[in-house]
**Student:** 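To start, I am sharing the structure in question, which I have written as structure tokens.
Side-chain atoms are counted along with the backbone in the values below, which use heavy atoms only and exclude waters and symmetry mates.
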Amino acid sequence: MKAQKYCYYLFLLTLLILPIYAKDIGGKRGVRDKHGWKPIKNIKDPYVKGIADFALFESNKRLNFNLLFEGVLRGQTRSSNGTYFRLVVAAKNGAHIRNYRTVVFEQPWADLRKLVYLTAFNKH
């Protein structure tokens, strides 16, 4: 009986603390959030092209695509324990050229570059 009472109080304590903890975590903005992003002034910079090439290479490797880089159309960056690059990239898939939205996370000091997502979209 004493153990059951202890578990009950622990459960209630968890219910009281969890919303505070969840609010603290939820306060951080995600990669799709519009706040904190700064436009990339020179989208023709070879470094930005390298980030876009990396995103296409990783997608090709993971999903057996054959996307070929055509160009970076626009991009934004955001710093948060590294740099997020949010790019719109034109890529050729066979005979068709499509635009892709991609986010790549980079920490140069840790030699880390990670594809967060890449998705195709239609121009409207």
Side-chain angles (χ1 to χ4, degrees):
M1 184 70 176
K2 190 174 185 179
Q4 186 179 13
K5 194 174 186 180
Y6 175 74
C7 287
Y8 175 74
Y9 287 126
L10 186 61
F11 176 71
L12 286 177
L13 183 63
T14 303
L15 287 177
L16 291 172
I17 293 175
L18 188 61
I20 296 167
Y21 183 70
K23 185 175 189 260
D24 185 43
I25 291 173
K28 296 181 181 176
R29 300 185 187 281
V31 294
R32 293 180 183 226
D33 189 4
K34 294 182 182 193
H35 301 287
W37 290 96
K38 296 179 180 157
I40 296 174
K41 293 182 176 154
N42 182 9
I43 60 171
K44 295 187 188 288
D45 184 342
Y47 196 81
V48 175
K49 180 190 179 298
I51 298 289
D53 278 334
F54 171 80
L56 295 176
F57 174 78
E58 282 296 309
S59 292
N60 288 342
K61 185 171 73 171
R62 291 181 193 176
L63 303 171
N64 280 337
F65 287 166
N66 191 23
L67 300 174
L68 300 173
F69 177 79
E70 289 290 313
V72 177
L73 304 177
R74 61 184 174 270
Q76 299 171 315
T77 61
R78 183 177 153 192
S79 296
S80 176
N81 195 24
T83 304
Y84 285 95
F85 291 85
R86 185 164 63 179
L87 307 173
V88 175
V89 179
K92 187 182 283 190
N93 188 4
H96 304 287
I97 296 177
R98 291 188 73 183
N99 292 342
Y100 295 85
R101 287 186 180 112
T102 186
V103 172
V104 175
F105 176 70
E106 181 180 54
Q107 286 180 329
W109 62 89
D111 198 29
L112 172 71
R113 195 178 272 180
K114 179 180 168 185
L115 176 65
V116 177
Y117 72 84
L118 183 132
T119 182
F121 73 99
N122 294 329
K123 298 180 257 182
H124 290 302

**Student:** Decide if atom CG of D111 counts as having more than 12 heavy atoms of other residues, nucleotides or ligands within a radius under 6.0 Å.
**Tutor:**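 Incorrect, the count does not exceed 12.
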**Student:** Heavy atoms only: give me the nearest F54-R113 pair and the separation to one decimal.
**Tutor:**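 Scanning both residues completely, I find the closest heavy atoms to be CZ-O, 3.3 Å.
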**Student:** Say whether, by atom type as modelled, one donor and one acceptor occur between the side chain of Q107 and the main chain of N81 under 3.5 angstrom.
**Tutor:**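 Present.
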**Student:** Students often mix this up, so state it plainly: with edges at 30° and 60°, are the rings of Y47 and F85 parallel, tilted or perpendicular?
**Tutor:** tilted
**Student:** Supply the atom-to-atom distance N60 CG to L68 CG, rounded to the nearest 0.5 angstrom.
**Tutor:** 7.5 Å
**Student:** State the CG-CD distance between L112 and E106, to the nearest 0.5 angstrom.
**Tutor:**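 Between atom CG of L112 and atom CD of E106 there are 8.5 Å.
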**Student:** To the nearest 0.5 Å, tell me how far L87 CG sits from I43 CD1.
**Tutor:**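 Taking CG in L87 and CD1 in I43, the distance rounds to 9.0 Å.
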**Student:** Applying a strict under-4.5 Å side-chain criterion to I, L, V, M, F, W and Y, I'd like to know whether F65 and F57 cluster together.
**Tutor:**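 No, F65 does not connect to F57 through the hydrophobic network.
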**Student:** Measure the shortest side-chain to side-chain distance between E58 and V104 over non-hydrogen atoms and say whether it is less than 4.5 angstrom.
**Tutor:**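 A side-chain contact is absent here, since even the closest heavy-atom pair is not under 4.5 Å.
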**Student:** Under 4.5 Å between side-chain heavy atoms, counting indirect links through other Ile/Leu/Val/Met/Phe/Trp/Tyr residues: same cluster for V48 and L115 or not?
**Tutor:**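 Yes: a chain of side-chain contacts under 4.5 Å links V48 to L115.
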**Student:** If I take atom CD from residue Q76 and atom NZ from residue K38, how far apart are they, to the nearest 0.5 angstrom?
**Tutor:**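 Reported to 0.5 Å precision, the distance equals 11.5 Å.
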**Student:** Heavy atoms only: give me the nearest A52-V72 pair and the separation to one decimal.
**Tutor:** CB-CG2, 3.8 Å
**Student:** What closest approach, in Å, do G36 and R78 show between heavy atoms, and which atom pair accounts for it?
**Tutor:**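 What the structure gives for the nearest pair is O-CG, 3.5 Å.
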**Student:** Identify the two heavy atoms, one from S80 and one from F105, that lie closest to each other, and give their separation to 0.1 Å.
**Tutor:**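 Closest pair (atom of S80, atom of F105, distance): O-CE1, 3.7 Å.
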**Student:** Can you tell me how far apart OG1 (T102) and CG (L56) are? Round to the nearest 0.5 Å.
**Tutor:**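 Between atom OG1 of T102 and atom CG of L56 there are 7.5 Å.
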**Student:** Considering only heavy atoms from C-beta outward, does the side chain of I40 approach that of D45 to under 4.5 Å?
**Tutor:** no
**Student:** Rounded to the nearest 0.5 Å, how far does CG of L67 lie from CD1 of I97?
**Tutor:**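 Rounded to the nearest 0.5 Å, the CD1-CG separation comes to 11.5 Å.
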**Student:** Report the C-alpha distance between L63 and L118 in whole Å, list the side-chain angles of each, state the deciding distance to 0.1 Å, and finish with yes or no for side chain to side chain contact (heavy atoms under 4.5 Å, CB included).
**Tutor:** CA-CA 11 Å; L63 303 171; L118 183 132; over 6 Å; no
